[in-house]
S.K.: 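Take a look at the following structure, please.
Remember, it's a predicted structure, so these values are computed and weren't measured experimentally.
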Amino acid sequence: MSAYQKYRYENDCKPDENRNKGTSRWTHCRKRGADGNLRKSLEVGEPDKCSQSSRRQESFTTPESEGPVSRVKNWGDEVEAEEMRSNVQRDMHRYRRRILEADFPQRDRKISSGSSDSRDSKDSKESPAKGDIETDETTLIRRQKQINYGKNTLAYDRYIKEVPKLMRQPGVHPKTPNKFKKYSRRSWDQQIKLWRVKLHAWDPPAEEGSDLQQIEEIDLGEIMEFELDVECSADTEFQCPTSSGALLSLAEDSFAGTPKKMMKIEDAEMS
Amino acid sequence: MENSSKEEYKIQSFDLETQKLLKTALKDPGSVDLEKVSNVIVDQSLKDQNFSREAGRICYTIVQAEAKQTNGNVFRRNLLNRLQQEFKAREETRKRSTQEWVCLVSFICNIFDYLKVNNMPMMALVHPVYDCLFRLAQSDALQNEEEVDCLVLQLHRIGDQLEKMNMQLMDELFNLLRDGFLLQEDLSSMGRLLLLEILEFRAGGWTLSETAQKYYYSEVTD
């Protein structure tokens with residue numbers, strides 16, 4: 001057997017591939033279709049053709065891929081899925097680093113209260129790095145998709161322009177749920193729902209205006225005199241939508257003062 | 001700026017209207033029909049050998065520009081799906097026109113080289129690229145200098161990346177090349193030389209030793 005054919009054969013033997021779909025480009029090489037009927041040969045050419053053009057199964061699991069790749073996917077979808085996976089992995093590394101930094105703050109980093117109390121309380125509430133963070137990729141990807149739906153809205157766009165992250169008041173301003181925290185499925189879905197409902201307050205004016213929306217626009221519009229380029233959320237930087245190209249970038253450090261323990265308070269609210 | 005961007009993206013071969021479309025796509029992707037842009041680029045890559053080897057760069061820039069401006073993926077998605085169609089039809093393409101076939105391979109490999117996802121090569125393209133290279137390593141293709149030339153060009157450019165993604169396939173590919181070089185009698189001498197050079201190239205860790213460089217690339221004085 002030539003190396004070419006040998007490779008194809010090895011892939012044929014992969015146990016977890018899905019052979020049922022009949023529309024792959026190798027179906028002409030199989031004698032029967034998924035319905036059990038004999039196929040007519042679709043290819044006119046050398047008998048060798050089968051092995052050459054169908055060298056590989058479209059569905060396979062390789063060490064590089066994160067699981068079985070569906071046979072019917074197109075390249076556009078596949079690459080988007082790859083991108084989502086690698087973004088989630090990258091977010092996870094960043095999150096872990098941030099958590100570690102929170103547990104072990106550097107010497108020159110200012111902590112609001114000098115005592116160890118604030119650190120302890122932060123630790124106990126938030127030591128997810130010790131293995132308590134959500135790591136299951138399917139879950140993370142599902143959650144990220146839900147977050148993306150919310151972030152790809154005009155309302156979200158307007159919201160992040162109006163309210164810089166450090167000016168957010170817990171309770172008043174929506175906060176993106178943290179996909180790395182352990183939650184039950186119901187709890188997470190509920191958080192997402194509540195978050196998205198809150199975001200509606202920033203829907204563009206063409207929609208039915210609520211009193212709340214009017215008030216928000218007046219109060220905050222007057223306070224905010226400049227636009228800031230902010231991170232989309234505390235934890236994720238996945239494709240932060242920015243509708244205009246030119247936003248000023250302000251270092252977060254320039255906002256001095258007590259960093260609000262927003263996560264903690266938000267947790268209490270959510271649970 | 002006008003001429004340099006033409007040079008950089010090698011779009012001189014397009015008609016003026018299309019050049020304008022491409023330039024707008026680079027600056028303001030949200031304002032153009034990105035599906036049309038991707039088709040225009042693919043069509044040209046299949047015709048123009050020079051462009052097929054360099055089109056990756058303009059594609060990359062448009063992808064980045066679109067992501068930044070509208071957070072969208074329309075261009076990349078359309079490009080990849082169109083490329084997939086062409087890839088599926090590659091055997092017919094090869095029968096119809098060797099030139100188109102080698103252009104297709106160059107283009108796919110160039111896309112693999114330039115369009116990275118979070119600085120990683122697109123996994124979805126690894127097997128298709130290997131597929132193309134394996135096809136070029138078949139005995140009927142090795143007879144054809146144009147195809148051998150294409151094969152070694154791609155290996156020079158992306159061989160090391162491909163190997164990282166899948167060492168086993170690269171080993172198998174090179175087994176074919178070695179066999180072809182040693183056993184196939186109907187290779188042209190240029191074809192044989194090209195194969196020998198690429199065998200040495202990989203053996204040297206995807207680079208040519210100085211001696212090899214001298215052997216292959218300097219003029220011989222009688």
S.K.: Where do B:A124 and A:V79 come nearest, in terms of heavy atoms and distance?
M.R.: CB-CG2, 4.0 Å
S.K.: Sort out for me which residue in A:D157, A:N148, A:N152 forms a side-chain hydrogen bond (donor to acceptor under 3.5 Å, both in side chains) with B:N71.
M.R.: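 Answer after filtering A:D157, A:N148, A:N152: A:N152.
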S.K.: Looking at B:D186, I want to see if its CG is surrounded by more than 12 non-hydrogen atoms of other residues, nucleotides or ligands under 6.0 Å.
M.R.: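 Counting neighbours around CG of B:D186, more than 12 heavy atoms of other residues, nucleotides or ligands fall under 6.0 Å, so yes.
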S.K.: Can we say B:R77 and A:E78 salt-bridge, meaning some charged N sits less than 4.0 Å from an Asp/Glu carboxylate O?
M.R.: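 Looking at A:E78 together with B:R77, the answer is no, because their closest N to O distance does not fall below 4.0 Å.
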S.K.: Is there side-chain contact between B:R76 and A:E83, with heavy atoms separated by less than 4.5 Å?
M.R.: yes
S.K.: Examine whether an atom of B:L115 lies under 4.5 Å from a heavy atom of chain A, and if so say whether it belongs to the side chain, the backbone or both; otherwise answer neither.
M.R.: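 Neither part.
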S.K.: Look at atom NZ of B:K20 and say whether more than 12 heavy atoms of other residues, nucleotides or ligands are closer to it than 6.0 Å.
M.R.: no
S.K.: Measure the spacing between CG of B:N78 and CH2 of A:W75 and express it to the nearest 0.5 Å.
M.R.: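 Answer rounded to 0.5 Å: 14.5 Å.
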S.K.: With a 3.5 Å distance limit and no angle check, can you tell me whether A:E82 reaches the backbone of B:M123 through a side-chain donor-acceptor pair?
M.R.: yes
S.K.: Under 6.0 Å from the CZ atom of B:F181, do we count more than 12 heavy atoms belonging to anything else shown?
M.R.: yes
S.K.: Just how far is it from atom CG of A:N74 to atom CZ of B:R82, taken to the nearest 0.5 Å?
M.R.: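 Atom-to-atom, A:N74:CG and B:R82:CZ are 14.5 Å apart.
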S.K.: Among B:N73, B:V117, B:L80, which residue meets the side chain to side chain contact (heavy atoms under 4.5 Å, CB included) test with A:E80?
M.R.: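 The residue from B:N73, B:V117, B:L80 that satisfies side chain to side chain contact (heavy atoms under 4.5 Å, CB included) with A:E80 turns out to be B:N73.
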S.K.: With rounding to the nearest 0.5 Å, note down the distance linking CG in B:N118 to CE in A:M84.
M.R.: 11.5 Å
